[in-house]
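Computed over heavy atoms, backbone and side chain alike; hydrogens, waters and symmetry mates excluded.
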Amino acid sequence: MPTQILMPALSPTMTEGKLSKWLKKEGEEVRAGDALAEIETDKATMEVEAVDEGTIGKLLVAEGTDGVKVNTPIALLLAEGEDAKSLAAAATAPPKPAHSAPQAAAPAAAAPAAKPAPQPAAERGNGQDRVVASPLARRMAQQAGLDLANLRGSGPHGRIVRTDIEAALAKGAPAPPRAAAAAPGAAARPAAMVELPGTAPYQEVPHSSMRKIIARRLTEAKQQQPHFYITIDCEIDALLKARQELNARAPEGKGGYKLSVNDFVIRAAALALRKVPAANASWTEEAVRLYARADISVAVAIPNGLITPVIRGADHKGLAEISNEMKELAARAREGKLKPEEYQGGTFSISNLGMYGIREFAAVLNPPQGAILAVGAGEQRAIVKEGALAIATVMSCTLSVDHRVVDGAIGAEFLAAYKKLIEDPLTMLL
């Protein structure tokens, strides 16, 4: 009986996704490790690899279809010798995830072991005929500038697969260049202009999976988490001076860095959470969770949405490490290449709109977290020092808090600790 290919769960919380594009056609042969389709989740677009081999008998879900439930059959795979007449029965049979769930090309859980390919990949004319590699591995190697001839494959018959490319990159191989394609979550092509009597002309842009999830989660956050807000002003002239001096001393090449104000903000917030651990918390119906580590989620704008890559253990990392890690995560976030574990599970969030000249704002909580810090622009303001007017560069920061988790006094203690670190940046180096 034909094998059902099911809609995979590409993250622990995924319940549905969009089948963006088929990479195989009906009647086309498939080998274990071949890329079958591109699936768009709420945070990224990922390629899905085949686990079994055979021939695509029927595509059950058209590309571009949104809201496809996890474990729904999306295609049928014919094994050698199977008749296409059996496709109708297989399409309506109950799904069998244990035998047919595809493997995510990048961050899904490990899939069942692939069957050995009966023929080497070298039979495909692609300019690397002596190298046996899956199509996904070839594509990843091309983007990363890797020579497949220098790699040893861990797949069947020495076939180079995705994990081999990732291992090579982890050992210091060249990083892939920026993707030219639009990032996941990018707005769908708008429909034609509509003109109705009595209304301005308009176009309708269909919601992406990411935009739908953002809308649902933010609505739930405002409805279910009782927000309150407290704001503090921080003088950052000393921080700006320390940043300039540290950047001037940065080594060239490996080990180099270029610190931003946001790097100091991340470090200060993480250290303040260490000083006031009661603010590093989230609510559950059974208990308040107090986290022993400051995993800072940092909001990054991407086309038609935002994503929050996480700096794990930011309270135990130096400014240079935070800076380089944040730049790398933000770049891959905009390319849709983050793994779920890189943008899920943070304990505290930061949203910085200072680069847009925003003086002050209040952010919506990022559930289930108990607090988020909104950072405004540093600007010169008149202040009073020792009874006299002076000019200082001031940055307003607003803490949004889930009142079920953090009381006003705890929120105020956190902001006081944060302000002290921001205004005396050398203490961040201790």
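Counting only distance, with no hydrogens or angles, the side chain of Q369 and the backbone of G346 share a donor-acceptor pair below 3.5 Å. At distances below 3.5 Å, not a single donor-acceptor pair connects side-chain atoms of K24 with backbone N or O atoms of D34. Within the 3.5 Å criterion, the main-chain N or O of D315 finds a donor-acceptor partner in the side chain of R267. Between the side chain of Y257 and the backbone N or O of L246, at least one donor-acceptor pair lies under 3.5 Å. Of the possible donor and acceptor atoms, none in the side chain of T393 sits under 3.5 Å from a partner among the backbone N and O of G378. Between the side chain of K317 and the backbone N or O of R312, at least one donor-acceptor pair lies under 3.5 Å. No donor-acceptor distance shorter than 3.5 angstrom exists from the side chain of N247 to the backbone of Q244, with no hydrogens or angles considered. Looking at R217, its side chain does come within 3.5 Å of a backbone N or O of P367 through a donor-acceptor pair.
Partner of I296 under the side-chain contact (heavy atoms from CB on, under 4.5 Å) criterion, out of I266, I322, V310: I266 alone.
Side-chain atoms of K212 and R216, non-hydrogen and from C-beta on, never get closer than 4.5 Å to each other. Residues W283 and V288 meet the side-chain proximity criterion, which asks for heavy atoms closer than 4.5 Å.
Using cut-offs of 30° and 60° on the angle between ring planes, the pair H227 and Y229 is tilted.
When every heavy atom of F264 is checked against every heavy atom of R243, the shortest pair comes out as CE1-CB, 3.7 Å. For the pair W22 and V61, the tightest heavy-atom approach, listed with the atom from each and the gap, is NE1-O, 2.7 Å. What you find for N352 and G376 is that their closest heavy atoms are OD1-O, 4.4 Å. Of all heavy-atom pairs spanning S351 and F361, the tightest one is O-CZ, 3.3 Å. Across all their heavy atoms, L365 and S400 have their closest contact at CD2-O, 3.4 Å.
Going from atom CG of L415 over to atom CG of L399 covers 5.0 Å, rounded to the nearest 0.5 Å.
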Working for side-chain contact (heavy atoms from CB on, under 4.5 Å), residues L6 and T72:
CA-CA 5 Å; L6 307 180; T72 298; over 6 Å; no
